[in-house]
Amino acid sequence: MTPLKGALYGLCAAGSGELVNYISKMPSSSEIIRAMDEISDAVCSVVDSAELCRQTHPDREFVDEANKASMRINEYLHYLNTNHTLYNAVKRAEHNGDSFTKEAHRAAHYLRVDFEKGGIHLCNEKLDRVNQLHIDILQLCREFGENIIIDPGHVDIFPASRIPRHIQYLLKPIYQSTSGVSLESLGSPTNVKGKGFRIITEPQTVSSILQSTPDDEVRKMVYVKGNSVPHANFKVLDELIAARHELAQIMGYKSYAEFVMKPNMASSPEVVMPFLLEMSRMVRPKADEEIKKIRDLKREKSCQRYVDLEPWDETYYTAMMKSSACNLDPSVVAPYFPLPQCIKGLKVLVESLFGARFDSVPLARGETWHPSVLKMCLHHPEEGDLGYLYLDLYSRKGKYPGCASFAIKGGRRISETEYQLPVVALVCNFSGSHDTSAVWLNHWEVETLFHEFGHALHSLLSRTDYQHFSGTRVALDLAETPSNLFEYYAWDYRVLRRFARHHSTGEAIPEKLVASIQHARDMFQATELQRQIFYALIDQTLFGEQPPVTRGTSSIVADLKRQHTSGKHVEGTHLHIRFSHLINYGAGYYSYLYAKCFAATIWKKLCQDDPLSLTTGTALRTKFLQHGGAKEPAELLNDLVGDGILRYSNGGIVPDITSFLDEVRLVEEDKRSRLLRN
């Protein structure tokens, strides 16, 4: 990855400028749409490359240049989005597109809609304000994410014996001076009172501490700190909510949620909120039962009959119950998932389902941003190369803290004989050495890897004519369906036995061990589902219609937790200030629940009987994945599995929840609660 220093931007602007001039001469309607898609491709290539560089590059100079390139390309986007020559050309093409293919007509329609979402149809005063708001929102989103990385918070624990040995490698040793001050280096032994650990309260470490640490005071300190930083995001989030709301109102919508949802399957908050509230109602009885079981275990173990269950207790006692009920020790599971075997698992999927293979590709000098990055080519024996995948799998300082699939280049048809291949980077944060053989994954990390691989396959197998629709460039509430579907493959013994091998013996993972993992997954599913509904309700409420009397976001979130979860709210905690999905998926987090329901139906109807068959893979590819956003989401879903995957409600679409509720064992629970109410 060479330094950007404006080069990508310059190439993009020069090439796009020629295309703008070409379109101004009003060629044929099909050429207008083709040229507009080429402009979009050039712009997206810079935006996407800069974003990957910003999030992953270890050299601050590269990150700074990527930031500059990103801001400059957004200024250029302002020029394009306010260009009436382009807008009028697109409108003319859409109106005169009788001879268009369905995809070309769809492209013309959505190009016009995108112009209008940018406010081109508004008066100059309003348009200038909309453009400024877009710039402000971009900057606020960036600031929110950077604050999470800059200020993850920390807790110092003394003595070191309070931390279980098997997770001490995650933490930084520190020393306590005789005056009580924490020291990061040993210094003079005569001044040292004892050794301890500094716990950086980023999400993965917090999860490990909460799951494994018997000391409830340590868990409390870590939970509270981990859910109360970074403080700078209070102001950022308030400003973001206000900017998004003002933008929506100028555009003629009641709320940012309504503005965002208009092109989605759901179409409006009036469809999503009843869906979420009904899910919340249905899950509550079973979630209450699960919390009671956890509370009872705490009382038994602590020998305190009336002690209450605190939020920092849930993960610890849940893990204890799963381990006991399923005879499951995570340290026994991880040796079956060395990272090279997990990468082999990805290869098993593409070979079995799609008759393709991943070939390792040498990296050119300057092509990669870190020595540990791998590059693979997805190749089909009859069709040739299908696309390229970069794997950046290890945690490192300053890197994007989660796991994600980054599109670098979208696929598009250049001519009758030439196709621009998609390029994707799959980014994770697995702990351990860069010697892949020494890295073992926990099973939840395997599930995460398969989830992100689902996104990557959506892009790699896409064969749309226009990059505007390539891969994951789909309606927001469809985008998570492939990734959620591929999570199922990480749980199925028929799949796991093909790649999960013990690091020292080479033994395939025993079926009994997989059954134990599955049993552990099935415990406390209602509590986890309730948590996801709660997150979606936070998102909808913060970006929904704004009340006349402003309330603090912490008060709103606390009330939602009391209303829609079975656990307690802890005063002084503010989980929303590092809930990054408010940035990436503003008013769209409900999409994860849509995806869970759609994926459950697809798995049950199409994949469950023979998940690795070429027939299954061919259906997934030809009826769903290859179309990207070139078809209506409802058409794709119905074509894939037939009726019974979705229904229409209040002018929008909601998933059929039958398969999902059956999977999480809520069907009988809901019938029982209805009888009790009647």
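Scope of the values below: all heavy atoms of this structure, side chains included, with no hydrogens, waters or symmetry mates.
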Sidechain N-carboxylate O distance under 4.0 Å for Lys298, Asp308: no

Donor-acceptor pair, side chain of Arg219 and main chain of Gln211, under 3.5 angstrom: no

Tyr317 and Glu300: side chain donor to acceptor below 3.5 Å: no

Centroid separation Phe453 to Phe450 less than 6.0 Å: no

Glu447 and Trp491 side chains, donor-acceptor separation under 3.5 Å: yes

Salt-bridge contact Arg162-Asp215 (side-chain N to carboxylate O under 4.0 Å): yes

Residue pairs, two or more places apart or on separate chains, that pass ring pair (Phe, Tyr, Trp, His ring centres under 6.0 Å) and touch residues 542-563: Tyr256-Phe543

Lys293 bridged to Asp296 by N-O distance under 4.0 Å: no

Ser280 side-chain N/O to Leu276 backbone N/O, donor-acceptor pair under 3.5 Å: no

Side-chain donor-acceptor pair present, Gln608, Tyr488, cut-off under 3.5 Å: no

Any Leu237 side-chain heavy atom under 4.5 Å of Leu542 side chain: yes

Between Ser255 and Glu545: side-chain donor-acceptor atoms closer than 3.5 Å: no

side-chain contact (heavy atoms from CB on, under 4.5 Å) partners for Asp522, two or more places apart: Gln525, Arg665

Test: Glu289 and Lys292 ion pair at under 4.0 Å: no

Separation between CZ of Arg281 and CD1 of Ile533, rounded to the nearest 0.5 Å: 11.0 Å

Between Gln530 and Ser566: side-chain donor-acceptor atoms closer than 3.5 Å: yes

Centroid-centroid distance, Phe486 to Trp603, less than 6.0 Å: no

Under 3.5 Å side-chain donor-acceptor pair for Ser483 and His455: yes

Pair Tyr590, Asp477: side-chain N/O donor-acceptor within cut-off below 3.5 Å: yes

His574 versus Ser554, side-chain donor and acceptor atoms under 3.5 Å: yes

Flag, side chain of Gln168 to backbone of Ile163, donor-acceptor distance under 3.5 Å: yes

Check: Ala526 main-chain N/O paired with Glu290 side-chain donor or acceptor under 3.5 Å: yes

Ring centres under 6.0 angstrom apart (His581, Tyr589): yes

Evaluation steps, salt bridge (Lys or Arg N to Asp or Glu O under 4.0 Å), between Lys605 and Asp609: CA-CA 8 Å; Lys605 290 191 171 188; Asp609 287 345; over 6 Å; no

Charged N-O contact under 4.0 Å between Lys220 and Glu217: no

Worked check of side chain to side chain contact (heavy atoms under 4.5 Å, CB included) between Phe660 and Leu529: CA-CA 11 Å; Phe660 179 62; Leu529 174 57; 3.8 Å; yes

Any donor-acceptor N or O pair under 3.5 Å, side chains His503, Gln341: no

Residue list, side chain to side chain donor-acceptor pair (under 3.5 Å) with Ser555, at least two apart or on another chain: Arg551

Residue pair Ile199 / Thr205, side-chain heavy-atom distance below 4.5 Å: yes

Sub-4.5 Å side-chain heavy-atom contact between Glu310 and Tyr223: no

